[in-house]
Amino acid sequence: MSLRFEHETLGQRVRFAPGGAAAAVREEVERLGATRVMTIAAPGRATLAERLTAGLPVVLVHDEVVMHVPVAVAERARAAAEEHGADAVVCVGGGSTTGLAKAVALALALPVVAVPTTYAGSEATDVWGLTERARKTTGTDPRVLPRAVVYDATLTVSLPVDLSVTSGLNAVAHCVDSLWAPRADPINTALAVEGLRALVSGLPRVVDDPQGLLGREEVLYGAYVAAVAFASAGSGLHHKICHVLGGRYDLPHAPTHAVVLPHVLALNAPAAPQAQALLATAFGSSTATEGLRSLRRRVEAPRALRDLGFREEDIPAAAEAILPVVPADNPAAVTAGVLQQLLHDAWEGADPA
Ligand code: NAD
């Protein structure tokens with residue numbers, strides 16, 4: 001890798017506050033000088049959000065959260081924020097909740113304080129996503145980057161093990177895909193490798209002891225670092241594939257990442273020896289593909305897109321939709337045939353080796 005590069009570091013306050021989210025959220029809202037707070041939390045996180053915002057000047061609690069942020073859902077949230085004169089948003093939840101807060105921020109330029117409860121990492125990126133008529137559109141905008149993030153591992157203890165695994169593998173995908181993404185550079189590569197190290201160490205601990213905090217803290221930290229790397233490096237082939245699958249076929253985000261990643265790694269790793277070596281070290285394995293295989297085995301990751309609702313007959317159209325968005329400098333050559341084979345392997349849950 002040449003040492004000639006341009007790197008942008010996004011400006012955001014980040015707090016790791018195990019057991020201390022409520023105080024941290026209060027301080028961050030005060031720091032913003034907000035006097036009319038909109039809280040966004042799905043019904044399942046409502047009680048938690050209420051506890052975290054107790055004593056704050058909340059004017060609106062919004063709970064219509066839908067994965068991949070349909071445009072109509074975003075529009076209703078924006079209208080509610082405007083109607084109530086909100087001047088800041090506190091969002092408590094996974095990537096879908098953060099995504100809705102970002103949509104409001106995109107429309108109204110409101111500052112966001114994010115309290116993540118999964119390992120999706122959206123809170124650390126300036127990427128927004130909206131879905132309309134089975135097409136997911138993404139873009140970057142500085143307005144959507146949360147001004148502050150409050151991480152509290154105790155809030156992720158309730159995340160069931162299967163969701164923890166797929167969400168953690170979504171974070172692993174941020175690391176892996178960063179190494180060959182369009183803006184990969186030595187800084188985001190270092191972050192990706194560090195994120196992967198923490199995730200590889202933490203995820204099995206979460207599976208073995210879901211109520212324990214040490215694994216949860218490690219995965220939360222790894223997920224944050226992974227997302228910073230991803231925000232800086234941009235979307236590589238893996239993310240392009242998952243965006244099309246998620247938006248067009250309404251597949252669940254994190255499990256789709258978990259299933260597709262080994263197939264993209266198997267395709268790209270032989271064509272990217274430096275990335276392959278860094279990944280192998282971070283996985284603590286002889287090769288990157290073996291490292292991911294043994295992690296996935298250890299945490300019992302999902303294997304097949306067909307189990308997520310993807311149909312075999314949709315493979316040709318999906319490949320056609322992915323082909324135009326394949327990054328030009330992807331390490332391995334990608335044709336419609338390569339994509340069809342990759343999707344077929346992921347559909348049936350074949351071992352990419
Ligand atoms: P999610 O937010 O939909 O959450 C998954 C499920 O977990 C939901 O049912 C939710 O209610 C539940 N849940 C969340 N936290 C919980 C907790 N602590 N305990 C128990 N249940 C809990 O899924 P996700 O994978 O976190 O996020 C996916 C969305 O985020 C997608 O729309 C994806 O596109 C987006 N995303 C965006 C970026 C970005 O940079 N813009 C990055 C990653 C993901």
Side-chain angles (χ1 to χ4, degrees), residues 10 12 21 40-49 51-52 63-71 73-74 91-103 105-106 112 114-131 136-141 143-146 149 151-175 177-178 181 195 206 210-211 216 219-220 223-224 226-235 238-248 250-258 302 308:
L10 301 179
Q12 177 181 65
I40 300 181
R45 311 278 83 63
T47 312
L48 171 63
R51 175 168 76 71
L52 297 185
D63 70 355
E64 191 196 13
V65 173
V66 181
M67 189 166 322
H68 304 309
V69 198
V71 166
V73 170
C91 60
V92 180
S96 301
T97 305
T98 312
L100 184 60
K102 285 175 154 183
L106 184 65
V112 175
V115 187
T117 62
T118 69
Y119 309 120
S122 174
E123 65 282 354
T125 83
D126 58 358
V127 180
W128 55 264
L130 289 166
T131 305
K136 185 165 181 175
T137 308
T138 58
T140 59
D141 194 299
R143 282 176 295 183
V144 309
L145 180 73
V149 184
Y151 288 109
D152 177 345
T154 65
L155 310 184
T156 66
V157 165
S158 57
L159 194 62
V161 169
D162 58 339
L163 291 181
S164 301
V165 164
T166 53
S167 193
L169 288 170
N170 184 189
V172 167
H174 288 149
C175 300
D177 213 30
S178 287
V206 168
Q211 303 302 310
R216 296 281 185 185
V219 174
L220 203 53
Y224 163 69
V228 175
F230 164 63
S232 169
S235 289
H238 171 81
H239 278 79
K240 296 297 185 186
I241 293 173
C242 292
H243 278 165
V244 170
L245 294 178
R248 210 177 152 107
D250 201 27
L251 302 189
H253 179 83
T256 302
H257 276 264
L308 307 180

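Counting starts at 1 for both ligands and their atoms, following the listed order.
Scanning the protein heavy atoms around atom 18 (N) of ligand 1, the nearest turns out to be L155 O, 3.0 Å. Scanning all protein heavy atoms for the shortest distance to atom 43 (C) of ligand 1 gives A120 O, 3.2 Å. The protein heavy-atom contact nearest to atom 41 (N) of ligand 1 is V127 O, 2.9 Å. For atom 7 (O) of ligand 1, the nearest protein heavy atom (residue, atom name, distance) is L163 CD1, 3.5 Å. Considering only non-hydrogen protein atoms, atom 25 (O) of ligand 1 sits nearest to A254 CB, 3.8 Å. Scanning the protein heavy atoms around atom 40 (O) of ligand 1, the nearest turns out to be T125 OG1, 2.6 Å. Looking only at heavy atoms of the protein, atom 38 (C) of ligand 1 is closest to S122 CB, 3.4 Å.
Between T117 and ligand 1, at least one pair of N/O atoms sits closer than 3.5 Å. Not a single N or O atom of T97, backbone or side chain, sits closer than 3.5 Å to an N or O atom of ligand 1. Of the polar atoms of R45, at least one N or O is found under 3.5 Å from an N or O of ligand 1, judged by distance alone. When only interatomic distances are considered, the shortest N/O to N/O separation between S96 and ligand 1 falls below 3.5 Å. Inclusion of G93 in the set of residues having an N or O under 3.5 Å from an N or O of ligand 1 is not warranted. Considering backbone and side-chain N/O atoms, A42 never comes within less than 3.5 Å of an N/O atom of ligand 1.
Nearest to atom 34 (O) of ligand 1 by heavy atom, out of K136, H68, M67, is K136. Nearest to atom 19 (N) of ligand 1 by heavy-atom distance, out of P255, P116, S158, is S158. In this structure, of G95, P160, P43, the residue bringing a heavy atom nearest to atom 27 (O) of ligand 1 is G95.
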| task | Please step through side-chain contact (heavy atoms from CB on, under 4.5 Å) for the pair L159 and T118, ending with a clear verdict. | result | CA-CA 7 Å; L159 194 62; T118 69; 4.1 Å; yes
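Distance alone, capped at 3.5 Å, is enough to place a donor-acceptor pair between the T166 side chain and the L163 backbone.
Of all the atoms in ligand 1, the ones that sit under 4.0 Å from a non-hydrogen atom of H253 are 28 (C), 31 (C), 33 (C), 34 (O), 43 (C), 44 (C). Near G94, meaning under 4.0 Å from one of its heavy atoms, ligand 1 places the atoms 2 (O), 26 (O). Of all atoms in ligand 1, listed by their number and element, those nearer than 4.0 Å to a heavy atom of T118 are 14 (C), 15 (N), 26 (O).
Taken from CH2 in W128 to CG in D141, the straight-line distance is 8.5 Å, to the nearest 0.5 Å. Taken to the nearest 0.5 Å, the CG atom of L52 stands 6.0 Å off from the CG atom of L155. We find the OG1-CD distance between T117 and E123 to be 9.5 Å, quoted to the nearest 0.5 Å. Atom CZ of R45 and atom OG of S158 lie 5.5 Å apart (nearest 0.5 Å). One distance of note links CG of L145 with NZ of K102; it measures 7.5 Å at 0.5 Å rounding. Expressed to the nearest 0.5 Å, how far CZ of F230 lies from NE2 of H238 amounts to 9.0 Å.
T131 approaches H68 most closely through the heavy-atom pair OG1-O, 2.6 Å. Nearest heavy-atom pair, D177 versus H239, reported as atom, atom and distance to 0.1 Å: OD2-ND1, 2.9 Å. Nearest approach of S96 to M67, heavy atoms of both residues: OG-CA, 3.4 Å. The minimum heavy-atom distance between T97 and C91, with the atom names listed, is CG2-CB, 4.1 Å.
Applying the salt bridge (Lys or Arg N to Asp or Glu O under 4.0 Å) test to D162 and every residue at least two apart in sequence or in another chain returns nothing.
Ring orientation note: the planes of H257 and H253 are tilted relative to one another, at an angle of 30° to 60°.
Not a single heavy atom of H243 sits less than 4.0 Å from an atom of ligand 1.
For atom 29 (C) of ligand 1, a protein heavy-atom neighbour is found at a distance under 4.0 Å. In this structure, atom 9 (O) of ligand 1 has no protein heavy-atom contact shorter than 4.0 Å. Inside a 4.0 Å radius of atom 5 (C) of ligand 1 there is not any protein heavy atom.
Heavy atoms of V157 found under 4.0 angstrom from ligand 1: none, in either backbone or side chain.
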